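Some notes on the structure that comes next.
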Amino acid sequence: MSAGVLTAKVPGRRGILPGFSLTMGLSVSYLGLIVLLPIAALLLKASGLSWHEFVVATTSPRALAAYEVTAVSALEAVAFNAVLGLLFSWVLARYDFPGRRLLDSVMDLPFAMPTAVAGVALTAAFAHNGVFGQFLEPLGIKIAHAQPGIAMAMAFTSLPFVVRTLQPVIEDLDLDGEEAARILGASELQVFLRVVLPVIAPALIAGVTLAFARCLGEFGAIIFIAGNRPFETEIAALLIYIRLEEYDYGAATAIATVVLAVAFLVMLATNALQAWQQRYLDKG
Amino acid sequence: MLAAMTVHHRSHRQGAGTARRVLIGLAVVAAAVVLGVPTGIVFAHAFGKGVEGWWKAVSAPEALHAIYLSLLTVAVVVPINAVYGLSVAWAVTKFRWQGKKWLVSLIEVPFSVSPIVAGVATLMVYGSSGLVGEWLMDHDIKVMFAVPGIILATLFVTSPFVAREVMPLMQLQGTDEEEAAQVLGAGGFRTFLRVTLPNVKWALFYGLILCAARSLGEFGAVSVVSGHIRGETNTLPLYIDLLYHDYDSSGAFAAASVLTLLALVTVVLKAVVEGRRDAAHDDEALS
């Protein structure tokens, strides 16, 4: 969160402009009704379970396997995106070339494209007769209807988080340090590893964390490509959905509570990282 | 988050020869493979049975109903989010009060909630075993597995979009102009319409575009609350799912191509509006 939002300088207690009660009342009521009430209802439903029921629902072997598949795939996806996001943001921020604006615009495609569309498209690409699948499957690499497909779908939908977090930071980099290093005889690789990377590392970590949070919650793109076999390629979000379809609302809300708690922890980590990054940049 | 997601355009340095060429080449190839191929596949499969086959698939009554329902959702959700976003931004940026930080964090909560969890949460309010489920049933009001439920779940997941785009710019602009309008005798609402709104219009459009794109494409939250009733509560993304699992792949891709076209329009609009918004942002930062 940008710190600027929080430091308005207004005379008087709140300021002289009208509309505080109206806009504040409207905002808080709407937020309460649309967002907070449902979350409270979910937690209320989950708290209606006994401790034993809650533990059974959230730590069943199938649920544990689903958490693992989700977390492992998300880590693979963000590792992939750390590299790819660094490449894209570096090229977009540092170089001018024909088509740069186009490349910049298409970076947003994964945000603009509905997740279900991404899901069917990636499944078709990695199917045994697909654009990529026809070359990968003879090599024994199975992506569609297997765990790597989950990571692939997560990587696709979360790529812009890394690019859009890194790009402005690379654009604002001070070039003096790099030039000094070059004059002192450092190679391009040394300049990048020793001068650039330490400065952009906080932004890279922040972008990767945002992407990771998105990957943990992703549903639409994954269910088409995953194969959805329990214990193997079933993600946590899908297990919630399946419990709902079985009318096991207790188990569904229990697992949803776990997913929600993890999401909040990741969000807290992201906020802390961004505060750290801000301090880091302000110092430089 | 706000500052980090804003892309500033700076002058670009021409980098050293070989590294520059190799990296640009790699980036272009990677973008073509990772982003270009999936987009191309949608159209290739959608037109696999020719333009006629595509037209037949998208003009089927159920497809038209799905398109109608998706557009209806956007038409309801986007204006509501505009009012909410502007209202939040006004309360947060034009006044001084304790606890702003909390409100701003709460506004962003939907971004970190999985769409499935958002759907389940909505169900726990309005569903048959939800907080107000019995009351709704007694009064014969259908919310879940009907259009209102779809709209409520979409409102949940899209609520931060406008607020998040408008707030930083309003903050940067401060309150001087509004205070001047007040002194000159303009009423509060007139001040907002004539002074504040023109100042933030590009940031507002930008937020609305993001909000519309997400409303059109929302899948997880909507799939929990829709009930998947054919020709009644299937939005376009749910309709793709339905056809895909009916092994009507070309039909699914035809429907997907409509959404992909809209996504491409979104990307173009976003690029145009982004340029204007950043110009407004930079003017404000300089003045």
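Being a predicted model, the structure only gives us computed values, none of them experimental. Just so we're on the same page: letters track the sequence lines, and every chain starts at 1. Computed from heavy atoms alone, side chains included, the values below leave out hydrogens, waters and symmetry copies.
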Legend entry - Ring centers of B:F161, B:F111 separated by less than 6.0 Å: yes

Inset, instruction - Would you mind checking which part of B:S112 comes under 4.5 Å of any heavy atom in chain A, side chain (CB onward), backbone (N, CA, C, O), both or neither? - result: both

Inset, instruction - Look at the rings of B:F192 and B:W90 and say which category their plane angle falls in: under 30° parallel, 30 to 60° tilted, over 60° perpendicular. - result: perpendicular

Inset, instruction - Under 4.5 Å heavy-atom distance to chain A, tell me which part of B:T266 shows up: side chain, backbone, both or neither. - result: side chain

Legend entry - Exam field: side chain A:S89 to backbone A:V163, donor-acceptor pair closer than 3.5 Å: no

Legend entry - A:L43 versus chain B, the contacting section by heavy-atom distance below 4.5 Å: neither

Legend entry - Side chain / backbone / both / neither for B:S249 at chain A, heavy atoms under 4.5 Å: neither

Legend entry - Contact class of A:V120 relative to chain B, heavy atoms under 4.5 angstrom: both

Legend entry - Most chain B-contacting option - heavy-atom pairs closer than 4.5 Å, from A:L159, A:I255, A:V131, A:L22: A:V131

Inset, instruction - Select one option (side chain, backbone, both, neither) describing which atoms of A:L244 are under 4.5 Å from chain B's heavy atoms. - result: side chain

Legend entry - Winner by heavy-atom pair count (cut-off under 4.5 Å) against chain A, out of B:A30, B:A32, B:G36, B:A213: B:A30

Inset, instruction - Return the option, out of B:V42, B:L106, B:L152, with the maximum number of heavy-atom pairs under 4.5 Å with chain A. - result: B:L106

Inset, instruction - Indicate yes or no for a side-chain donor-acceptor contact from A:N81 to the backbone of A:A155 under 3.5 Å, with no hydrogens or angles considered. - result: yes

Legend entry - Contact class of B:V34 relative to chain A, heavy atoms under 4.5 angstrom: both

Inset, instruction - Would you confirm whether A:T70, through its side chain, and A:L216, through its main-chain N or O, come within 3.5 Å as a donor-acceptor pair? - result: no

Inset, instruction - Would you kindly say whether B:Q182 and B:T191 are connected by a side-chain donor-acceptor distance under 3.5 Å? - result: yes

Legend entry - Donor-acceptor under 3.5 Å (B:H228 side chain, B:L238 main chain): no

Inset, instruction - Taking B:Q171 for its side chain and B:G174 for its backbone only, find out whether a donor-acceptor pair lies under 3.5 Å. - result: no

Inset, instruction - Under 4.5 Å heavy-atom distance to chain A, tell me which part of B:A252 shows up: side chain, backbone, both or neither. - result: neither

Legend entry - Polar side-chain atom of B:W97 near backbone of B:A91 as donor-acceptor pair, under 3.5 Å: yes

Legend entry - Atom CZ of A:F264: over 12 foreign heavy atoms under 6.0 Å: yes

Inset, instruction - Answer yes or no: is there a side-chain heavy-atom contact under 4.5 Å between B:S215 and B:V77? - result: yes

Legend entry - Per-residue contact mode, A:F20 against chain B (heavy atom under 4.5 angstrom): both

Inset, instruction - Check each atom of B:L210 against the heavy atoms of chain A and say whether the ones under 4.5 Å are side chain, backbone, both or neither. - result: neither

Legend entry - side-chain contact (heavy atoms from CB on, under 4.5 Å), paired with B:Y84, selected from A:T23, A:L31, A:L26: A:L31

Legend entry - Heavy-atom contact with chain B under 4.5 Å, split by part of A:L102: neither

Inset, instruction - Can you label the angle between the A:F161 ring and the A:F111 ring as parallel, tilted or perpendicular, going by 30° and 60°? - result: perpendicular

Legend entry - Best-contacting candidate, B:A263, B:G217, B:S87, against chain A by heavy atom pairs under 4.5 angstrom: B:S87

Legend entry - A:N228 side chain to A:I223 backbone, donor-acceptor under 3.5 Å: yes

Legend entry - Leading residue by heavy atom contact count with chain B [cutoff under 4.5 Å; candidates A:R101, A:M24, A:M152]: A:M24

Legend entry - Side chain, backbone, both or neither of A:L103 within contact of chain B (heavy atoms, under 4.5 Å): side chain

Inset, instruction - Go through the atoms of A:L84 and report whether side chain, backbone, both or neither lie under 4.5 Å from a heavy atom of chain B. - result: side chain

Inset, instruction - Name the option with the most non-hydrogen atom pairs under 4.5 Å to chain A; the candidates are B:D241, B:V83, B:T122. - result: B:D241

Legend entry - Worked check of side-chain contact (heavy atoms from CB on, under 4.5 Å) between A:F132 and B:V33: CA-CA 9 Å; A:F132 303 137; B:V33 170; 3.6 Å; yes

Legend entry - Interchain contact, A:V106 with chain B, by part (heavy-atom threshold 4.5 Å): both

Inset, instruction - Using non-hydrogen atoms and a 4.5 Å limit, figure out which bit of A:M113 sits close to chain B: side chain, backbone, both or neither. - result: both

Inset, instruction - Answer with side chain, backbone, both or neither: which region of A:A213 has an atom nearer than 4.5 Å to a non-hydrogen atom of chain B? - result: neither

Legend entry - Which atoms of B:Y244 approach chain A - backbone, side chain, both or neither, heavy atom under 4.5 Å: side chain

Inset, instruction - Could you tell me which portion of B:F253 (side chain, backbone, both or neither) has an atom closer than 4.5 angstrom to a non-hydrogen atom of chain A? - result: side chain

Inset, instruction - Check each atom of B:I24 against the heavy atoms of chain A and say whether the ones under 4.5 Å are side chain, backbone, both or neither. - result: both

Legend entry - chain A contact via B:S257 - side chain, backbone, both or neither, heavy atoms under 4.5 Å: neither

